[in-house]
There are 2 protein chains.
Amino acid sequence: MAKQFVNRPLYLQLRDALVQKIAGGDWRPGTAIPNEADLAVDFGVSAGTMRKALDLMEAERLVTRKQGRGTFVNDPTADGLAVRFSNIRNADGHRIAGDVEVGSIVQAPATDGEIGHLRLRRGDEVYRVQRFRSHNGRLYMVEDAALPAALFPGLLQQPSLGNRIVVLARHWGVLLGRSQERVSISHPEKEITDALGCPAGAFVLSLDRVVFALDGRPIEWRVGYCQLADEQYVAEMA
Amino acid sequence: MAKQFVNRPLYLQLRDALVQKIAGGDWRPGTAIPNEADLAVDFGVSAGTMRKALDLMEAERLVTRKQGRGTFVNDPTADGLAVRFSNIRNADGHRIAGDVEVGSIVQAPATDGEIGHLRLRRGDEVYRVQRFRSHNGRLYMVEDAALPAALFPGLLQQPSLGNRIVVLARHWGVLLGRSQERVSISHPEKEITDALGCPAGAFVLSLDRVVFALDGRPIEWRVGYCQLADEQYVAEMA
DNA sequence: AAGTGGTCTAGACCACTCA
DNA sequence: GAGTGGTCTAGACCACTTG
């Protein structure tokens, strides 16, 4: 690799190559990758350019760099990262994902809504996962999630992996990007309010969320109904 | 300026110096600042270090850099930036801040809640601003905001500036940072539901938001009650 | 053609971690 | 003390905008 041979900056090409090492499993979460000088030599670029690629990857939360120690591949299921798509916080103000119990998982052709949210084609299949989240022993959210079946082959054989999108993503080598959540007030069906332990016809928060992979593909659409007590819903704007 | 003489990296010191030019009014919104080569010479640093400071400022949304054109000071009240602290979107998915009408503005000693949210001391004064936001002619939110009086001296003489935090910040030279909003379901007092045109005892979204300056100081605490129709509340997680 | 920011290089030195 | 990432420099060249 030398200069830039198309019109895409070298450091972006480098980033893609390094990302592939992670997504492909050559570099595993929690492990250190070679130091930036060695990497620069391996790829035939200057150290400064390699640094720019690595800095980008740190901003994308793929790696963590520590002066004096090295560059480490992040584990998306680790403490700080596992809850990054949850805007629900405990009384201390820390994000929580709750203790998750998986209900049913089924495979079926995508509905119109799923096709729209997950950018599928008619006839594509999805997995539908039902989840129950509790905190301090209290059930606070029930949710239905839909995932493109093509991205997570064999999920039905390992249903427990369906409990969190971060677990799914890690296991199938999908790198996580951003997420977007629509918040509204709704009064869900009786079976939902019953599960949440609130009166029939009660109003709860509806959390309609789509999670995107790093490359921009939508990978999960979930609608949750949420009854908060000590917990709070907190959005941040930068 | 040469090397780093304390333990704070040069590029961060540079950033602070450049930020001061903007906050102090030497460089005004919408205007171009000197090119990076000239700036590097002026400050006695290398072009690369100056670039790093400018890149940081672009990430902080203080300036916009355009290849072939120059570096421009951002106007916080301009289209894209004025709505950045609003998570309410219109049917097209664009953030909206609404058409704002200012109700009463009063000055008073801070309450315990205001002291806590705005990090004031007992006896400090605040301005309390009442606002009404409408979209497509329909009132969708009524809110009460509290601001440290010390930061916005003379606001009572120019009440119309109180309509948006971005206007206040620009007029008083406060640089905007991030914001955090707590979302919950509430059934507000009758006068609020009346104003929003919904039945007494109705449930609406409560938006409890604190906006911080770039230096981390809280500059506005506002609680809004919000009745959405075509609009949506959308949170993003990175 | 002149001026701007964007990319890339090569090398020096600093600050931190760990054996 | 060896090894790592973080900062800083000096300079070349590229890509884009404008007159």
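So that the names make sense, note that chain A is the first sequence line, chain B the second, and so on, each numbered from 1.
One finds a salt bridge joining Glu220(A) and Arg131(A) here, because a Lys/Arg side-chain nitrogen approaches an Asp/Glu carboxylate oxygen to under 4.0 Å.
Rounded to whole Å, the distance from CG on Leu14(A) to P on dT7(C) is 13 Å. With rounding to whole Å, Arg8(B) atom CZ is found 17 Å from dC14(C) atom C1'. If you measure from atom CG of Leu10(A) to atom C1' of dC14(D), you get 12 Å, rounded to the nearest angstrom.
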Protein and nucleotides 4-6 of chain D: nitrogen or oxygen contacts under 3.5 angstrom:
from: dT4(D); atom 1: OP1; to: Asn35(A); atom 2: ND2; distance (Å): 3.0
from: dT4(D); atom 1: OP2; to: Asn35(A); atom 2: ND2; distance (Å): 3.1
from: dT4(D); atom 1: O2; to: Gly68(A); atom 2: N; distance (Å): 3.1
from: dG5(D); atom 1: OP1; to: Thr71(A); atom 2: OG1; distance (Å): 3.0
from: dG5(D); atom 1: OP2; to: Glu36(A); atom 2: N; distance (Å): 3.0
from: dG5(D); atom 1: N2; to: Gln67(A); atom 2: OE1; distance (Å): 2.9
from: dG6(D); atom 1: OP2; to: Arg51(A); atom 2: NH1; distance (Å): 3.1
from: dG6(D); atom 1: OP2; to: Arg51(A); atom 2: NH2; distance (Å): 3.2
from: dG6(D); atom 1: OP2; to: Arg65(A); atom 2: NH1; distance (Å): 3.2
from: dG6(D); atom 1: N7; to: Arg51(A); atom 2: NH2; distance (Å): 3.3

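Judged as a ring pair (Phe, Tyr, Trp, His ring centres under 6.0 Å), not a single pair has a partner in residues 51-88 of chain B (not counting sequence neighbours). For residues 69-89 of chain B, every residue pair satisfying the salt bridge (charged side-chain N to carboxylate O under 4.0 Å, His left out) rule, not counting sequence neighbours, is listed here: Asp75(B)-Arg170(B), Arg89(B)-Glu236(B).
Remark: Ser46(A) is in phosphate contact with dT9(C), judged by side-chain N or O atoms under 4.0 Å from OP1 or OP2.
Val41(B) meets the side-chain contact (heavy atoms from CB on, under 4.5 Å) test with no other residue; sequence neighbours excluded. Residues satisfying the ring-ring contact (aromatic ring centres under 6.0 Å, His included) test with Phe152(A), not counting sequence neighbours, are Trp172(A). In terms of the side chain to side chain donor-acceptor pair (under 3.5 Å) criterion, residue partners of Asp112(B) (sequence neighbours excluded) are, by chain and number, Arg122(B).
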